[in-house]
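Please read the structure below before turning to the comments.
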Amino acid sequence: MGTSLLPSEKKSLKSFLFLYIVLSIIILVLGSMLYYNFQKDLMFSNLRPKLNDYAKSVTNRLRQMHNSLGEDLYYPRFSNFKSAIYDADFDKIFSLIKNENIKFDKEIRKVGKKIHFIKVLDEYYLGTKYLVIEIDDDEKWLNEAFKNITLFGSIYLLFMGFIGYFLTRLFLKPMKNSYMLLDNFIKDTTHELNTPISAILANIETIDKTKLDEKLQKKINRIEIAARTISNLYQDLTYLLLDKKINSKIQKLNLKALIKQRVNYFNILAKSKRVSFILNLDENVYINADAKKISKLLDNLISNAIKYNRVGGKIYITLKDRYLSIKDTGVGISKENINEIFDRFKRFNKSEGGFGIGLNIVYMIAKEFNIDIDIRSKEKIGTEVILRW
Amino acid sequence: MVKVFITIVLLIAISFGNVYEKNCVKCHKNGPSLKKIYFDYLLKYSSEKRVKRAMIDFLKNPTIKNSIMPKSYIKKYGVKKKTKLSDTKLKEAIDIYWKKFTIKGKIK
């Protein structure tokens, strides 16, 4: 038997995987940023001695210019770097650097493809407090850093992927186990059910009820209802057990005839609860599907409408073009529970019997034939199941 | 005749010279070089705003502590006298002084 996940479990598995992926990516981004900053700082500290030497050369020349008392004002120019001088109020005195927007808050920083180094002078030659040295950044370190980030990032993602895979398996194991247990139990009991039910039903059918007195007739009727309920349950369970093995025989089904037949089948059960059917069925409404499966779908919806109806309630069945509504006047389902309604083994009303597989079967059959299911329910008012195809 | 005319023009120019010429240059001609003092201020105070503020502070209240001159010079000649110029005139004189020696725009 298949152990596919229920929608609610799929949802929690998805949430877990989403959280896991997001966390992995956050760790990757943070790690990459830390590594990038570390590499940048390393590059800065490698450059610092060279930049200090450049600054010294400019300072020596500034001293000469200053000592000439303005007679010699030829600013030094070097091929391997550019420089600029600023006073204590950050006003430019002279600059060979194109970028006028210089920031003084850090000693060294990367500005686009350039590196700016700020040297604070002890003596303000020509009023210079801040000497700015600009050099080109060949970005070799950056390429190296990106290469490493890509390589180690991929290894990390692969590693996290494996861990995620094992965590998911761990996550699913208890669920799978509980399903296997329940499925196996159902499988074992189902086989033992068929023969006695068939015997009971066959024998009841041979009884001529007209010859019986009223009291006995009622008793026989009750036995028939009970046997049919078990028979339905048996068929549901068989369907679930073989759900992937049953091949559909698609044919054009006259739904009005089919509904009438199924209503007729459930009449005794409905009468026992004094539930009456109100049918509003259009002629010539068809669906291309498997007759047995659609019967099963209808059986489940009708039996639910009876089961969860109040005594003396009504069931409205409306059939229009590509539209079928089965509405009861029963207990209804609360808003929180409506999303989980198609989960297998889910029962909202513990007072009624059953394994909670009926609507799961409805869901599977509807999915196979592309039928949309819309459930509208109000507690203590009733439930309406609308099928559109 | 021409010589007399030139002398008159020069005399007028001197007597009508600006506040800096009249109040600063006049004495510093024979005292410490104004250019050297300008560069000393620049070396210590850096920016235009700070240099001008330091000059005004000194000129309004000259002390050994806020003088830019070397200790040996002060020992020998003492500290200059307090300025008699009004704040506006003092500011005007210093502005002219700054403009005269500023290196901004002159660096090549």
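Because the structure is predicted, anything quoted here is derived from the model rather than measured. Convention: sequence-line order gives letters A, B, ...; per-chain numbering from 1. The analysis underlying the following values was restricted to heavy atoms, covering all of them including side chains, and did not include hydrogens, waters or symmetry mates.
- Counting heavy atoms of neighbouring residues, nucleotides and ligands inside a 6.0 Å radius, atom CZ of A:Phe90 exceeds 12 of them.
- For B:Lys91, the NZ atom sits in a loose shell: 12 or fewer heavy atoms of surrounding residues, nucleotides or ligands are nearer than 6.0 Å.
- For the set A:Leu126, A:Ile93, A:Asp72, the entry with the most heavy-atom pairs within less than 4.5 Å of chain B is A:Leu126.
- Of the inter-residue distances, the one linking B:Lys49 atom NZ with A:Asp89 atom CG reads 4.5 Å to the nearest 0.5 angstrom.
- With values rounded to the nearest 0.5 angstrom, B:Ser46 atom OG is found 8.5 Å from A:Tyr130 atom OH.
- Counting heavy atoms from C-beta outward, A:Tyr75 and B:Lys108 have side chains that stay 4.5 Å or more apart.
- Look at B:Lys35 and A:Glu71 and you find a salt bridge, because one of the NZ, NE, NH1 or NH2 atoms lies within 4.0 Å of a carboxylate O, short of that distance.
- For A:Asn143, the CG atom counts as densely surrounded, since its 6.0 Å shell holds more than 12 non-hydrogen atoms of other residues, nucleotides or ligands.
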Verdict with reasoning, A:Tyr125 to B:Leu43, per side-chain contact (heavy atoms from CB on, under 4.5 Å): CA-CA 5 Å; A:Tyr125 301 117; B:Leu43 192 69; 3.4 Å; yes
Working for side chain to side chain donor-acceptor pair (under 3.5 Å), residues B:Ser47 and A:Asp87: CA-CA 5 Å; B:Ser47 72; A:Asp87 68 20; 4.7 Å; no
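- Note that the NZ atom of A:Lys129 and the OH atom of B:Tyr45 stand 13.5 Å from one another [nearest 0.5 Å].
- The number of heavy atoms from other shown groups lying within 6.0 Å of NZ (B:Lys52) is above 12.
- When heavy atoms are compared at a cutoff of 4.5 Å, A:Tyr74 approaches chain B by way of both its backbone and its side chain.
- Between chain A and the options B:Arg50, B:Lys36, B:Lys104, heavy-atom pairs under 4.5 Å are most frequent for B:Arg50.
- Looking at B:Tyr38, neither its backbone nor its side chain comes within 4.5 Å of chain A, counting heavy atoms on both sides.
- Atom CZ of A:Phe159 is surrounded by 12 or fewer heavy atoms from other residues, nucleotides or ligands within 6.0 Å.
- Heavy atoms of B:Lys44 lying under 4.5 Å from chain A belong exclusively to its backbone.
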Stepwise side-chain contact (heavy atoms from CB on, under 4.5 Å) check, B:Ile107 with A:Ile85: CA-CA 11 Å; B:Ile107 297 174; A:Ile85 49 177; 4.3 Å; yes
